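Okay, so here's the structure we're looking at.
Side chains included, hydrogens not; waters and symmetry mates left out as well; all remaining heavy atoms used. What you are looking at is a predicted structure, and each value in this text was computed from that prediction instead of being measured. Below, chains carry the letters A, B, ... as their sequence lines are ordered, and counting in each starts from 1.
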2 protein chains.
Amino acid sequence: MTRRPKIKDIAERLGVSPATVSRALADTGLVAEPTLSRIREAASALNYRPNVSARNLRTRRSMAVLLVVRDIGNPFYLDVVKGVEAAARAAGYAVLMGNAENDPERETEYFDMLRDGHADGMILMTGSLPSTPDFRRHLSPDLPVVVALEMIEGVGFPHVQIDNEAAARQAVEHLVGLGHRRIAHVCGPVPEEMSVRRREGYRAAMQAAGLPIPEGYEQRGDYLLQSGRDACRRLLALPEPPTAIFLANDEMAFGAIHELRRMGRDVPGDVSVVGFDDLYLSEAFFPPLTTVAQPRAEIGRRAMGMLLDMLSGGPAPHDPVILPTTLKVRGTTAAPKIS
Amino acid sequence: MTRRPKIKDIAERLGVSPATVSRALADTGLVAEPTLSRIREAASALNYRPNVSARNLRTRRSMAVLLVVRDIGNPFYLDVVKGVEAAARAAGYAVLMGNAENDPERETEYFDMLRDGHADGMILMTGSLPSTPDFRRHLSPDLPVVVALEMIEGVGFPHVQIDNEAAARQAVEHLVGLGHRRIAHVCGPVPEEMSVRRREGYRAAMQAAGLPIPEGYEQRGDYLLQSGRDACRRLLALPEPPTAIFLANDEMAFGAIHELRRMGRDVPGDVSVVGFDDLYLSEAFFPPLTTVAQPRAEIGRRAMGMLLDMLSGGPAPHDPVILPTTLKVRGTTAAPKIS
DNA sequence: ATGAAAGCGCTAACAC
DNA sequence: GTGTTAGCGCTTTCAT
C-alpha cells in the first residue's frame, strides 16, 4: 500500500459499503457491532485518516476559525490567542492566523477568506473595518464574526470586551487617592475607540475629583515605547510638571519610566506611573508596574464561545459581553512628595 | 441571487464553459482577450469567490502550513511567528496555529493534521517528538516538515537554528572580559538539547579562560521567572557567591535581577547578569538587559522559505541552516568590584 | 442496519 | 483558445 487509503479501500477490504464505513468512523451510532469493530480495526491498521478537503466540500464547513489581530508581533495578544486556541481546540476547530497590520486591504482579504470557505467564522481584534463602498456593500451583520478587545460600531457584530472607560477611571482614582493632584495622561492613537474611552475615563476621574487638566497634560501617543518616552519628556518640560502619569498602555509606561530615570527622577518617589494591560513580565520590571489588568485569556475564550454558539445556529447576542478588569497596585505608584 | 455563485453560474451567464472560467480566473494565460475580460467582470459583478474546499480536493493541496510551537503564550515566539506569517502570506499560504504545550499527544495530532490534508507542510518548534512506536512507524524523513529554533535529532528533517553553544560562550566570554572570575550559570531544563548546548557554551568559555566551576555554580532552571529567582537565591547562599550570572534565557534573568534587588544587591554594581533571547522589551527594563539576540523573524522567514522549497518539489536540505546571533551589551553587566 | 447513488465545486486531461 | 468529461474523497438522502 503506497497510496493513501480512502474510505473505499476499507470498504472493499471488508466487503461493506463506503457509506457504512463513513458512518462507523463518524460515530453516528448507526452501525451495528460486528461491523463497527471490524471497520475501526481496519481503519487503524491501514492508518486511515479522512481527507478534510473532501469532507469540507461535502459538509460545507471547514471546522476552522480565523483569528485576526492588529499585529501578531504584539505581546498584548498572547493570552487572548491562547484563550481562543484552547476554546477552539476543545470544540474541534482549527485556528487560522490573521495579521491585519492596520491595513484595510488585508482586512478585506480576511473577510474574503471567510466567504470562500477557509474558515467558518472569524474573531476580529482590529478596531475598524475597511470603508470602501465595495466592502460595505457585502457586509452583513449575520456573518459569523465576533469582535473582541476592540469596538466596531454600527455593523451589529457581537462584542466581548472590557469597560475601558471605567477601568481607566479606576486607575486615575487610585492616583487621586494617593494624594496626587497634578495627574497627566498619555493616550493612544485617538480617535480610535479604545484610546478615546481610556482618555474619557481619565477625564471623568479628574473632573470627579475636582482636578483641572492643565494645558499639555493630555499627550498623544501611539502605544509604542518611544511615544511614551517622548510624551514623558514633553510633560516634564511643562511649567508645572505632573507628579503622576497615567499612560494608556504598559509599553508606553515603560518608555516613560525609562525617560524619567534618564532624567534623574525616581519612580515612584518623584513621579508615579500607571499603565494599562498588565503585559507579560510587567510584574517583573523594576519597580513592578502598577497597571490595569484585563482578563485576556478569558476574553479569548468567551469570544470563541460566542462564535461557536453562532456557528451552531444560535442567535448573535446583541448586547456586548463586558468582562471585569483589575487594578494591580504594584511598585510604580506612591503618594506625592509634600510640595 | 441568494445562493453563492459558483463557476457554473458565471459560465452559463456568459455562454462559456466552466473550464474556461476556471482558467480565466486562475490567470493561466490560456484565455483570450474578449472572453477574459468578460469573465473577470462577471466574477466581480457577482462577487464570486472560488470555494477552497472544492479546489483543495481537486488540486490535492490546502495552501496552508501548520506552525507548531511549544507554548503559544510565550513571547519568545512573537517574532518567529511574525516572520513565518509574512513569508507564508507572500507565497499565498495560510497559517494554522499549533500549540503543543509539551504534550506528545498533541504533537501527534498535528502530524495527523498534516496527513489528513489540513496543511501541506509543517514548521515545528518543539524540541522533541512523540516516542510511541506507533508514531515512529509512520514517521518519514520526507514529510514536508522543517524544524526551527530547536533541534530534533535522528529523523532527518531540515533545521534552521542558531549556534546556541557558540552564542552562550560569547556571552560568558563577555563576562570574563570584564574581569569576572566567579561566573555562575542557570541552565534550562536539561537534557533538552537547547539547554544542554547553552550550558556547554558556558562550560567551554569557563574552561578556555582557565576558570573553575565550583560546586553549585551550575543551577538548573526551567526558563520561567520563578526559577530564575530561586536559582539566584541558591547562588547567593553559596560560601563564595558569584559576581556574575549567565542565565539561559531572559525571563529567568529578570527573575534573578528581581531577587538580587530584593536582597539589596545592585545590578550590575554587585552582580552582573546576562540573559539569552533578547525578549520584547528586554531593552526597556531597568537596567536594560545584556543578552544574546537571535534573529527570530529571520529564523521564521527562513524556515518558511525552506518549507516552500520543499513543497514545490525541491530537495530537503541536509545541512542545518545556522543563523548568526548578536551579543547585546547593555546595562546589566559591568566589571566586578575589586575584591 | 446497510447499500446504492448522487453530488458538493472545482480543475485537469484530452479533444477539437 | 475553448469545450467535454471525468473525478478528487467524502457524506447523505433514499431505498431496502
Next on the checklist: Using a 4.0 Å heavy-atom cut-off to protein, can you give one letter per nucleotide of nucleotides 9-16 of chain C, 5' to 3': B if the base is in contact, S if only the sugar-phosphate is, - if neither?
Outcome noted: BBBBB---

I'd like a table of donor-acceptor pairs (distance under 3.5 Å, sequence neighbours excluded) in which one partner is a side-chain atom from residues 295-309 of chain A, with atom names and distances.
{"unit_1": "A:R296", "atom_1": "NE", "unit_2": "A:F76", "atom_2": "O", "d": "3.4"}
{"unit_1": "A:R296", "atom_1": "NH1", "unit_2": "A:D277", "atom_2": "O", "d": "2.5"}
{"unit_1": "A:R296", "atom_1": "NH2", "unit_2": "A:D278", "atom_2": "O", "d": "3.0"}
{"unit_1": "A:E298", "atom_1": "OE1", "unit_2": "A:R301", "atom_2": "NE", "d": "3.3"}
{"unit_1": "A:E298", "atom_1": "OE1", "unit_2": "A:R301", "atom_2": "NH2", "d": "2.9"}

Next on the checklist: Quick check on the helix from C:dA1-D:dT16 to C:dC16-D:dG1: what's the angle between its two end axes, five base pairs per end, to the nearest 10°?
Outcome noted: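 One end's axis against the other's: 30°.
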
Could [X] and [Y] be called an ion pair, given the rule that one side-chain N must be under 4.0 Å from one carboxylate O?
X      : Y      : result
B:R55  : A:D116 : no
B:R137 : B:D134 : yes
A:R40  : A:D27  : yes

Next on the checklist: I want to check one thing: is the phosphate of D:dG1, taken as OP1 and OP2, less than 4.0 Å away from some side-chain N or O of B:T35?
Outcome noted: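 No, no such contact exists.
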
Item to check | A:T20 vs C:dG3: side-chain N/O to OP1/OP2 distance below 4.0 Å | outcome: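 Yes.
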
Checklist entry - From A:L66 CG over to A:M97 CE, what is the distance, rounded to the nearest 0.5 angstrom? => result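 Separation between the atoms: 10.5 Å.
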
Item to check | side chain to side chain contact (heavy atoms under 4.5 Å, CB included) partner of B:R106, chosen from B:V68, B:T126, B:N99 | outcome: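 The side chain to side chain contact (heavy atoms under 4.5 Å, CB included) with B:R106 is passed solely by B:N99 among B:V68, B:T126, B:N99.
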
Checklist entry - side chain to side chain contact (heavy atoms under 4.5 Å, CB included) with A:L78: which of B:L78, B:N74, B:I72? => result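 Filter result, single survivor: B:L78.
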
Just how far, in rounded Å, is [atom2] of [N] from [atom1] of [X]?
X     : N      : atom1 : atom2 : answer
A:D9  : D:dC8  : CG    : P     : 11 Å
B:E12 : D:dT2  : CD    : C1'   : 17 Å
A:L30 : D:dT11 : CG    : P     : 13 Å
A:L14 : C:dG3  : CG    : P     : 10 Å

Checklist entry - Going by atom types only, do A:S62 and A:N56 share a side-chain donor-acceptor pair under 3.5 Å? => result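 No.
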
Checklist entry - Touch check for A:G15, heavy atoms < 4.0 angstrom, all strands: base, sugar-phosphate only, or nothing? => result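 Result for A:G15 = sugar-phosphate.
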
